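Questions regarding the structure given below will be posed in turn.
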Amino acid sequence: MSNSSTFAQSRRYDTAIYARLSRDRSGLSENVNIQIAEASAYADDEGWPVVGIYKDNDISASKYSTKPRDDYDRMLTAVRRGQINVILITEMPRLYRRLEELLTVIKLAETTGLRRIQTTDGINYDLSTAEGIHAAINAVNNAMLEAGRMSKRIKRKSRARAMAGKVHGGGRPFGYEADGLTIRESEAAVIRECAERFIAGESIRDIVLDLNARDIRTAMGKEWRIENLQRTIMKKRYIGVREYEGQEYPAEWPAILTREQWDRMEARRLSKRYRWPKGQTGVRKYLLTGLIYCGKCGGVMVGSGRSEENGRPAQMRYRCRRTDNHGRVIGCGASFRIAEPVELLVKEAICHVFDDPKVAVTLAPKVDKDKVRGLVQEYERRKAKLDQLVTDYATDVLTRDQFVQAKGIAEASVQEAREALAHYQEETTAARLPADQTIRDAWDSSGLTWRRSVAQLVIKKVIVKPGHPGSARWRGYRFNPDLIEIQWKL
Ligand SMILES: [Zn+2]
């Protein structure tokens, strides 16, 4: 295998997303669509092309389960055909509870393009290295242990607790004190207000804007986000219902909303006219996200496809972003530009810069391996601590109250470590240029992640100036290159 083909191959990130509903696991992203949205957003951030989405619903993940996983098998077929480099999941137990299954995939990685299993919390199981394989095996082992615990004592306990309407573990629910039983009146008033405003036809976005402006914070003390508030107000907890495995039980805590209010919110949510706001989950790929700005208002521009309509073909475009995730107005929202010619222009400008070999050498980023290892270890350490709490609770070392309290703190600490790692990884994505390739060759044979990291190395900003690009022609596009300004970091 020649250097250049090794290089091209090592840069491929064709990604399969796998999601599964597992009934015997409490906690994280239960809903399959939420898992897919989370993974899609992750792939989008990384710039990985998603070539397949596979989901298995309603199937027990326990090692005793013998039900087939149809989409899982379809995904393995795609791996065997060499179509997949990355399997992306929200957490390891989504994929495996049985070691034999993982071993099959490790074998496949030897003979196909499959290179890694990636979780959305930033862990990369590199199947081409002994360390990566070892880490993957450990993760599955841990999941099996946990499943064993879940499937015996805790599971029995959980069901009994649910049927008695007892509080679920986890952080403090908004509207209640940490015990989950006592209403916190100031927050309960907010829940009632939000429900009434939503029923009355107000948009979630406007409500979020208003809450944040009034300094009303989530139970975690954060600003409200659109997705967060919509999920919160629909929780059945607020109508005094304890849910467990799809069943509803009368809860031991007092309700804040009436069943009627909930039904009316649900009716509005399901009505055809109402568009439930979505987070950014698209899988379209844009080179300049984070680098491109609106020349009219100075705000950020984001990739935004125009779908096919009235015979006009679909088109990838950059658009000035009007509101942020909190619903605040951050830009004019009035500028658009076709993505293709902008990206072509930027590519040519970058190639021109890299034609100077001295520039190319000085630009190579230095990834601090020790730092990455340190961040991963810290993250693993905090996660292990969280696991230990579950064990302590299961073996009655901790009382439920102690467990709930300690778990909240441990989860926040895991989250913090995870974000630190993700942030560093983003900063240092390698953009090395192999000796035997020109930037032009590398550009054409590499994926978006690599192109983006190169662009981020040399470009400070791309500014889309206002004007009428449609009146000019450039390389067959209705596009005026004079209306694009590139600001360099050099
Ligand atoms: Zn603008």
Side-chain angles (χ1 to χ4, degrees), residues 40-41 44-47 202-213 223-229 275-310 312-350 426 448 451-475 477-489:
S40 299
D44 210 28
D45 283 351
E46 295 292 322
E202 227 179 301
S203 76
I204 293 283
R205 180 187 158 251
D206 285 346
I207 301 172
V208 164
L209 268 176
D210 181 51
L211 295 184
N212 289 337
E223 287 203 307
W224 287 96
R225 297 166 62 96
I226 293 168
E227 318 86 78
N228 189 354
L229 183 68
R275 237 180 85 249
W276 199 235
K278 283 193 220 78
Q280 284 184 303
T281 59
V283 290
R284 244 181 247 105
K285 295 294 152 308
Y286 292 86
L287 175 68
L288 299 170
T289 311
L291 289 173
I292 188 163
Y293 292 83
C294 170
K296 195 180 277 180
C297 70
V300 297
M301 294 184 85
V302 290
S304 165
R306 189 190 67 190
S307 50
E308 193 181 333
E309 57 178 64
N310 301 331
R312 286 190 313 186
Q315 195 172 60
M316 288 170 79
R317 307 197 291 181
Y318 289 103
R319 142 181 88 74
C320 177
R321 188 166 185 194
R322 203 172 75 81
T323 59
D324 67 7
N325 286 336
H326 301 288
R328 281 182 294 244
V329 173
I330 54 166
C332 69
S335 299
F336 296 84
R337 204 61 43 99
I338 310 171
E340 265 181 61
V342 178
E343 295 183 356
L344 185 58
L345 184 76
V346 167
K347 170 199 160 181
E348 297 199 343
I350 289 174
E426 222 165 77
L448 193 73
R451 292 181 191 174
R452 277 179 58 84
S453 55
V454 171
Q456 280 162 352
L457 272 180
V458 292
I459 291 177
K460 193 157 68 184
K461 280 184 174 185
V462 174
I463 294 171
V464 175
K465 296 195 248 178
H468 297 285
S471 55
R473 286 252 157 201
W474 184 77
R475 307 278 173 96
Y477 295 98
R478 289 174 171 280
F479 178 72
N480 184 349
D482 294 340
L483 294 179
I484 301 293
E485 180 192 333
I486 300 177
Q487 294 182 356
W488 301 95
K489 279 185 176 169

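Both backbone and side-chain heavy atoms feed into the values below; hydrogens, waters and symmetry mates do not. Fair warning: this is a prediction, and the values are worked out from it, not measured in the lab. Ligands are counted one by one from 1 in listed order, and the atoms in each one are counted from 1 as well.
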Practice task
Please check if the side chain of Arg452 supplies one atom and the backbone of Thr289 the other of a donor-acceptor pair under 3.5 Å.
Solution key: yes

Fill in the blank from the handout: Report for the Zn ion (ligand 1), protein N, O or S closer than 2.8 Å, by chain and number, lists Cys294 SG, Cys297 SG, Cys320 SG, Cys332 SG

Practice task
Would you name the heavy atoms of Ala472 and Asn480 that are closest together and state the gap between them?
Solution key: CB-CB, 3.7 Å

Practice task
Spell out, as yes or no, whether a donor-acceptor pair under 3.5 Å connects the side chain of Lys461 to the backbone of Glu485.
Solution key: no

Completion exercise
Smallest heavy-atom separation, Cys332 atom then Cys320 atom, equals N-SG, 3.5 Å

Exercise for the section: Please say whether more than 12 non-hydrogen atoms of neighbouring residues, nucleotides or ligands are located less than 6.0 Å from CZ in Arg473. Expected result: yes

Practice task
Sort and list the pairs that fulfil side chain to side chain donor-acceptor pair (under 3.5 Å) and have at least one residue in residues 328-346, not counting sequence neighbours.
Solution key: Glu223-Arg328, Tyr318-Glu343, Asp324-Arg328, Glu340-Tyr477

